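Below you'll find the structure, written out as C-alpha cells, and then a few comments.
Everything numeric here is computed off the predicted structure, so don't read it as measured data. In each ligand, atom 1 is the first atom listed, and ligand 1 is the first ligand listed. Values below: every heavy atom of this structure, side chains too, minus hydrogens, waters and symmetry copies.
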Amino acid sequence: MNPKYEAVIGLEVHAQLLTDTKIFCGCFTKFGVPPNTNVCPVCLGHPGVLPVMNKKVVEFTVLMGLATECTINEKSIFARKNYFYPDLPKGYQISQYEKPICEHGNISVELKSGLKKNIGITRIHMEEDAGKSIHDQGDSTLIDVNRCGTPLMEIVSEPDMHSAEEAYLYLIKLKQIVTYLGICDGNMEEGSLRCDANVSVRLKGEEKFGTKTEVKNMNSFRNVEKAIEYEIERQIDILEDDGKIIQQTLLWDADASLVKPMRSKEEAHDYRYFPDPDLMPIVVSANWKNEIASSMPELPKKRRDRFISEFSLPKYDAEILTSSRELADYYENVLKVTNDYKSVSNWVMTDVLKVVNDDKISIKEFPVTPENLGNLIKLINENVINGKIAKEIFPEMLRTKKGPQEIIKEKNLVQITDTKEIETAIDKILSANESQIKEYLSGKDKVIGFFVGQIMKETKGKANPQIVNELLKKKLETFR
Ligand code: ADP
Ligand code: MG
Ligand code: ZN
C-alpha cells in the first residue's frame with residue numbers, strides 16, 4: 001500500500017439469531033424445508049395482521065450488547081424501512097433506526113504485531129430478514145419467503161479500522177463472541193453472518209474522511225480481507241491518477257478477485273423511515289437487563305485466562321484451545337478423564353486439529369470422543385502403552401471410532417515392561433551386531449540409538465523405551 005495514504009474501514013455485520021421462531025410471528029426459522037412452507041399471514045405481510053415481538057430476540061441482542069460493552073438503551077423503537085423488492089412482501093422491512101437497543105460498545109483485537117486495539121461499535125439493532133430471490137433455476141426468478149421474518153442483529157462498527165488485517169481480526173472476534181454466546185452459528189459461508197465493508201482512503205494526516213464505497217457479497221472471512229485489500233488499492237490508484245472516488249455499492253467477485261459496481265448512490269433508496277405504529281417501544285428494565293447478564297456464559301477472553309491460570313498452559317495453547325467454544329469444551333471434556341493438562345493440550349492442538357483442518361470438519365464432527373482421547377493419554381501415563389504406539393492407535397480410533405483399550409486388545413499392543421522379555425530381545429540384537437558393540441566400547445555412544453531402534457523393531461515397538469535403555473547400557477558394560 002502506498003505509504004502516503006491511510007485506509008478507513010467500517011463494517012456492518014448482520015448476524016442471524018438462533019431463535020426457534022421468527023421475530024414477529026410463531027413460524028419456525030428452520031432451514032432446508034421446502035420453499036414457502038414456514039410462513040403465515042404475518043410474515044407474508046397480509047393486510048391487517050399484527051406483529052408480536054419475540055422476547056428471545058431482545059434477550060440475545062442485549063447479551064451481545066453486554067458482551068461488547070455497549071450501553072443498553074432502556075427504551076428503543078422499531079421503524080419501518082420502506083422499499084419495494086419482490087422478496088419483501090410487506091413493502092417495508094421492520095428495523096431499528098433512530099433508537100437502537102445497544103450503542104457505544106467496542107470489540108478489542110490483537111494485531112499480528114502484538115498491539116491491542118479497540119474497535120468502536122456504533123450500534124447494534126434488531127431487524128427482520130427478507131425472503132430470497134432465486135435466479136439460477138430455469139428462465140424465471142423464483143421467490144422463497146421462508147426467510148422473511150428471520151431475526152437478525154446488525155452490528156455497526158465505527159470507522160476505526162485502518163487495514164484489511166484489522167477488519168479480518170474484528171470479524172473473527174465478532175464470530176467468536178456470537179458463537180460463545182450461542183446466539184448465532186457464525187457461519188459466513190451459509191449466510192448466517194454477513195458483512196458489508198465500508199472503505200475509504202485519505203492522505204495521512206488528513207482529518208476529513210474520503211468518499212467511501214460499500215463492498216458486499218463476501219462469503220468468507222478471507223474474502224472480506226481480500227476484497228478490502230483490493231478496494232483500498234483501487235481507490236488509491238484512482239486518486240493517484242487525479243481521479244475521484246464515486247460513492248457506490250460494489251460487489252466482490254471472488255472468482256475474478258475484483259469488485260464490480262452494483263448501484264451508485266444517486267439511485268440509492270430513500271427509505272422514508274418512520275416508527276412502526278404496530279409495535280410498542282421495547283423497554284429493557286434494569287431488572288431484566290440484570291437477569292440477562294446473569295445468563296452470560298464465560299466469554300473467550302475470560303476462558304483463555306482461566307485456561308492459563310487453572311491448567312498452567314502457555315498463552316499460545318490457551319489462545320488456540322479457546323478459539324472456539326466447541327474446541328474449548330472438547331479440551332475440558334478430555335480433562336474429565338485425565339488431568340495431564342499439557343499432554344492433552346498437545347494432542348488436541350496437533351493430532352486433533354490436524355484432522356479437523358485437513359478434513360475441513362468441525363470439532364463437533366470429530367470422530368474420536370473426548371473420553372476416548374482422554375483414555376488414550378491415560379494409558380500412556382500409566383505405562384500401558386508408549387507414546388509411539390499411541391500414535392499408531394490414534395488413526396485406528398479415528399477410523400473405527402473404537403476406544404483405545406479395545407484396539408490395544410485386538411492388536412495386542414500392550415507395552416512390554418517384562419524385563420525378561422526385553423532382555424531376550426536385547427541379547428538377540430547384540431549377538432547379531434558384534435561390530436557395533438566394539439564401536440560402542442571404543443567410545444561411540446551414538447550406537448546406542450541404533451541398538452534401541454533394532455530392539456524396538458524386534459518387539460514391534462511395544463517395549464518400554466526406558467527399560468530398554470537401562471538394560472541395554474547394563475548389558476553393554478558386561479562386554480568390557
Ligand atoms: P450510510 O448512511 O452510508 O449507511 P453510515 O454513516 O450509516 O453510512 O455508516 C455505515 C458504516 O460505514 C459504518 O460502519 C461506518 O463506520 C462506516 N463509515 C462511515 N463513513 C466512512 C468512511 N468515510 N470510510 C469508511 N467507513 C465509513
Ligand atoms: Mg448503512
Ligand atoms: Zn410467520
Side-chain angles (χ1 to χ4, degrees), residues 5-14 19-30 33 36-46 49-54 57 79 81 83 88-90 94-98 100 103-107 119-125 127-131 144-151 154-164 166-167 170-171 174 194-203 206-216 224 227-228 231-232 235-236 239 245-250 262-271 273:
Y5 292 90
E6 176 183 56
V8 174
I9 302 150
L11 299 183
E12 293 166 285
V13 175
H14 285 91
T19 54
D20 294 331
T21 54
K22 294 185 179 181
I23 183 167
F24 300 122
C25 63
C27 291
F28 290 117
T29 49
K30 240 206 222 117
V33 298
N36 303 310
T37 53
N38 271 347
V39 290
C40 74
V42 174
C43 53
L44 284 173
H46 287 195
V49 296
L50 287 173
V52 177
M53 182 71 211
N54 181 340
V57 173
K81 180 179 181 179
Y83 63 97
L88 186 75
K90 285 204 299 292
I94 304 178
S95 179
Q96 294 196 295
Y97 187 55
E98 273 168 301
E103 284 179 286
H104 316 305
N106 72 83
I107 286 180
I119 291 154
I121 289 177
T122 315
R123 54 187 278 148
I124 304 177
H125 67 250
E127 62 186 29
E128 60 179 343
D129 206 347
D144 177 6
V145 288
N146 277 346
R147 208 176 62 181
C148 277
T150 297
E154 178 171 350
I155 304 127
V156 182
S157 88
E158 289 288 304
D160 280 351
M161 289 161 270
H162 299 295
S163 68
E166 286 178 21
Y170 168 86
L171 273 182
L174 197 151
R194 290 166 239 163
C195 171
D196 302 336
N198 297 272
V199 180
S200 67
V201 298
R202 63 182 171 191
L203 285 171
E206 177 80 57
E207 251 180 63
K208 226 178 120 224
F209 285 147
T211 304
K212 74 172 161 81
T213 60
E214 187 171 348
V215 189
K216 290 177 179 282
V224 174
I228 292 174
E231 180 55 13
I232 292 171
Q235 290 187 14
I236 291 176
L239 295 178
I245 309 295
I246 311 165
Q247 181 166 350
Q248 59 183 340
T249 303
L250 304 162
M262 180 165 118
R263 54 170 183 251
S264 68
K265 227 32 187 200
E266 282 87 59
E267 21 178 314
H269 312 273
D270 177 354
Y271 294 118
Y273 282 99

Ligand 1-proximal atoms of Thr211, by part, heavy-atom distance under 4.0 Å: neither

Taking 4.0 angstrom as the limit and counting only heavy atoms of Ser157, give me the atoms of ligand 1 inside it, by number and element. 13 (C), 14 (O), 15 (C), 16 (O)

Enumerate the atoms of ligand 1 whose separation from the nearest heavy atom of Val8 is less than 4.0 angstrom. 24 (N), 25 (C)

Does an N or O from Gln247, backbone or side chain, lie closer than 3.5 Å to an N or O of ligand 1? no

Proximity of Glu214 to ligand 1 by residue part, where a heavy atom lies under 4.0 Å: neither

Under 2.8 Å: N/O/S of Cys148 next to the Zn ion (ligand 3): no

Three-point angle Cys40:SG, the Zn ion (ligand 3), Cys27:SG, rounded to the nearest 10°: 100°

For atom OH of Tyr97, is the number of surrounding heavy atoms from other residues, nucleotides or ligands below 6.0 Å larger than 12? no

For ligand 1, is any non-hydrogen atom under 4.0 Å from Val156's backbone (N, CA, C, O), its side chain (CB onward), both, or neither? side chain

Near Glu158, which atoms of ligand 1 are under 4.0 Å from a heavy atom of that residue? 16 (O)

Assess whether atom CG of Asn36 is packed by more than 12 heavy atoms of other residues, nucleotides or ligands within 6.0 Å. yes

Distance from Glu214 atom CD to Gln248 atom CD, nearest 0.5 Å? 11.0 Å

Has the side chain of Thr29 got a donor or acceptor atom that lies under 3.5 Å from a matching backbone atom of Asp20? yes

Give yes or no for whether the N/O distance cutoff of 3.5 Å, strictly under, is met between Thr122 and ligand 1. no

How far does CZ of Phe209 sit from CD of Glu6, to the nearest 0.5 angstrom? 8.5 Å

Would you compute the distance between atom CD1 of Ile9 and atom CD of Glu231 and round it to the nearest 0.5 angstrom? 10.0 Å

Any side-chain donor paired with an acceptor under 3.5 Å for Thr122 and Glu158? yes

If you define the side chain from C-beta out and look only at heavy atoms, does anything of Arg202 sit under 4.5 Å from Lys208? no

Return yes if some donor-acceptor pair links the side-chain N/O of Asn146 with the main-chain N/O of Thr37 below 3.5 Å, else return no. yes

Quick check on contacts: which atoms of ligand 1 are under 4.0 angstrom from a heavy atom of Gly210? 23 (N)

Is there a polar contact between ligand 1 and Val199, counting only N or O atoms under 3.5 Å apart? no

To 10 degrees, how wide is the angle SG (Cys25) to the Zn ion (ligand 3) to SG (Cys43)? 110°

Within 4.0 Å of some non-hydrogen atom of Phe209, the atoms of ligand 1 are 23 (N)

